[in-house]
Trainee: 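Have a look at this one.
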Amino acid sequence: MDIIKLVIHYLLVITKVAPLVFLGFFLASLMIILRVHERLGKLTGRRLARLGLTPEAASAMAASLVSPSAGYPILAEFRREGRLDDRDVVLLVVATTFPTTVGEMFLKGPFFAALAILGPKLGTEYMGALFVTALLQTLPALALYGARSGNGSDIHLPSTSRDDVPPLREAVIEGLRRAARRMKYVLPRMIGIGLPMVILAEVLRSWIHGGLGPVVAITLANVSHYTVGYATAAELVHRGVLSESEAVAALLIAGCANVLMIFLKASLATYVSIFGSRLGLQAWAANLGSSVGARLLMAYAILRWS
């Protein structure tokens with residue numbers, strides 16, 4: 001394929017999707033500023049408890065929707081009080097994957113960015129695959145934890161004063177500022193890193209038989225930033241290098257590298273500082289293994305039955 005045409009097409013795609021990515025970042029920032037996620041977390045916690053989860057499990061899962069890092073201190077406190085043992089903590093750490101994924105996808109922008117860059121159909125398919133992957137971790141962990149009676153009234157979540165929520169006009173202005181700051185970080189990487197990755201995928205495809213070349217390119221792009229990975233995958237689908245199902249599977253596999261980097265760079269210290277050395281390492285290893293395993297299993301299922 002003509003490299004010049006490839007470059008021009010990729011830059012045209014970035015020009016079209018950049019405003020939509022900005023809109024997604026703005027909506028995510030606005031949700032955080034108005035604390036929409038905290039209200040959802042409290043509502044979700046009560047509903048989970050009524051479904052039969054213990055207050056400990058319901059509290060941790062609801063808090064994880066509020067903030068990915070909010071559920072772990074709650075589990076540590078319940079353990080200190082003797083309401084959970086070490087095995088309960090490990091299982092519930094894995095069980096919080098689904099609410100954590102939902103919170104991160106909406107509050108940090110990947111959901112909106114996927115729809116903008118990959119398109120409504122492929123973006124929805126990929127987000128759906130991610131949510132199913134998260135359920136593959138959460139549901140078995142909850143099943144192993146066991147269904148115990150919960151009355152729905154003992155839910156421990158961070159309280160928020162109405163004074164902490166700014167007026168809508170101020171929230172909109174601040175949301176626009178935050179979205180602009182994120183675009184200043186993301187847009188240069190979508191061009192400066194994504195474009196070489198698309199060219200690399202073309203080169204690797206000529207060298208390597210099968211889909212390994214595109215997967216390597218998407219993985220390298222995704223490590224720099226998820227929007228770059230999305231843009232690379234979208235370009236490969238447009239040129240017919242990958243089918244839509246293959247692109248979803250490739251993005252899931254590429255995400256394993258991101259998961260590994262996150263767990264190695266920051267998560268291990270967080271787990272150990274909250275739960276202590278032994279339990280923290282156990283919970284970290286269980287969550288890392290289940291995260292990578294669920295992604296690979298989902299990718300295999302998509303390729304196998306698509």
Trainee: To the closest 0.5 Å, what do you measure between OG1 (Thr138) and CG (Leu92)?
Mentor: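 Those atoms lie 10.5 Å apart.
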Trainee: Evaluate the criterion side chain to side chain contact (heavy atoms under 4.5 Å, CB included) for residue pair Val216 and Thr219; output intermediate values, then yes/no.
Mentor: CA-CA 5 Å; Val216 171; Thr219 300; 5.7 Å; no
Trainee: How far apart are the closest heavy atoms of Arg295 and Cys256, and which atoms are they?
Mentor: CB-SG, 3.8 Å
Trainee: Do the non-hydrogen side-chain atoms of Phe275 and Leu75 ever get within less than 4.5 Å of each other?
Mentor: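 Counting from C-beta outward, Phe275 and Leu75 do come under 4.5 Å.
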Trainee: Do the non-hydrogen side-chain atoms of Tyr145 and Val94 ever get within less than 4.5 Å of each other?
Mentor: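 Contact flag for Tyr145/Val94 side chains = no.
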Trainee: Grab the two heavy atoms, one from Ser243 and one from Val237, that are nearest each other, plus how far apart they are.
Mentor: O-CG2, 4.0 Å
Trainee: Looking at CD of Glu244 and NZ of Lys121, how far apart are the two atoms once the value is rounded to the nearest 0.5 Å?
Mentor: 3.5 Å
Trainee: Grab the two heavy atoms, one from Ala233 and one from Leu118, that are nearest each other, plus how far apart they are.
Mentor: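 So the two residues come closest at CB-CD2, 4.3 Å.
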Trainee: When you compare the side chain of Thr100 with that of Thr97, does any pair of heavy atoms fall below 4.5 Å?
Mentor: no
Trainee: To the nearest 0.5 Å, how far apart are CG in Leu142 and CZ in Phe98?
Mentor: 11.0 Å
Trainee: Taking all non-hydrogen atoms of both residues into account, name the closest pair between Ala114 and Met127 and its distance.
Mentor: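 In this case the closest contact between Ala114 and Met127 is CB-CE, 3.9 Å.
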Trainee: What distance do Thr227 atom OG1 and Met183 atom CE have between them, rounded to the nearest 0.5 Å?
Mentor: 8.0 Å
Trainee: Show me the donor-acceptor pairs, under 3.5 Å and distance only, between side chains in residues 165-181 and residues at least two apart or in other chains.
Mentor:
unit_1: Glu174; atom_1: OE2; unit_2: Arg178; atom_2: NE; d: 3.2

Trainee: Would you say Val292 and Leu260 make side-chain contact, with heavy atoms under 4.5 Å?
Mentor: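 When only atoms from C-beta onward are counted, Leu260 and Val292 do not touch, as no gap falls below 4.5 Å.
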Trainee: Is there a side-chain contact between Tyr126 and Leu252, using heavy atoms and a 4.5 Å cut-off?
Mentor: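 Counting from C-beta outward, Tyr126 and Leu252 do come under 4.5 Å.
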Trainee: Taking the six-membered ring for Trp and the full ring for Phe, Tyr or His, determine whether the centres of Tyr226 and Tyr230 are under 6.0 Å apart.
Mentor: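 Yes, the ring centres sit under 6.0 Å apart.
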Trainee: To the nearest 0.5 Å, tell me how far Ile117 CD1 sits from Leu122 CG.
Mentor: 11.0 Å
Trainee: Identify which one of Leu303, Ile302, Leu242 satisfies the side-chain contact (heavy atoms from CB on, under 4.5 Å) criterion when paired with Val248.
Mentor: Ile302
Trainee: Show the nearest heavy-atom pair for residues Ser291 and Gln137, with the distance to one decimal.
Mentor: OG-NE2, 3.2 Å
Trainee: Does the Asn258 side chain pair with the main chain of Asn222, one donor and one acceptor, at a distance under 3.5 Å?
Mentor: yes
Trainee: Distance check, rounded to the nearest 0.5 Å: Asp85 atom CG versus Asp88 atom CG?
Mentor: 4.0 Å
Trainee: Once the angle between the rings of Trp305 and Tyr300 is folded into 0 to 90°, is it parallel (under 30°), tilted (30 to 60°) or perpendicular (over 60°)?
Mentor: perpendicular
Trainee: For the pair Phe263 and Trp284, name the ring-plane relationship: parallel under 30°, tilted 30 to 60°, perpendicular over 60°.
Mentor: tilted
Trainee: Apply side chain to side chain contact (heavy atoms under 4.5 Å, CB included) to Lys184 and Leu187, showing your working.
Mentor: CA-CA 6 Å; Lys184 286 174 65 177; Leu187 191 56; over 6 Å; no
Trainee: Return the minimal non-hydrogen interatomic distance between Thr101 and Ala134, and the atom names on each side.
Mentor: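 Scanning both residues completely, I find the closest heavy atoms to be OG1-CB, 3.6 Å.
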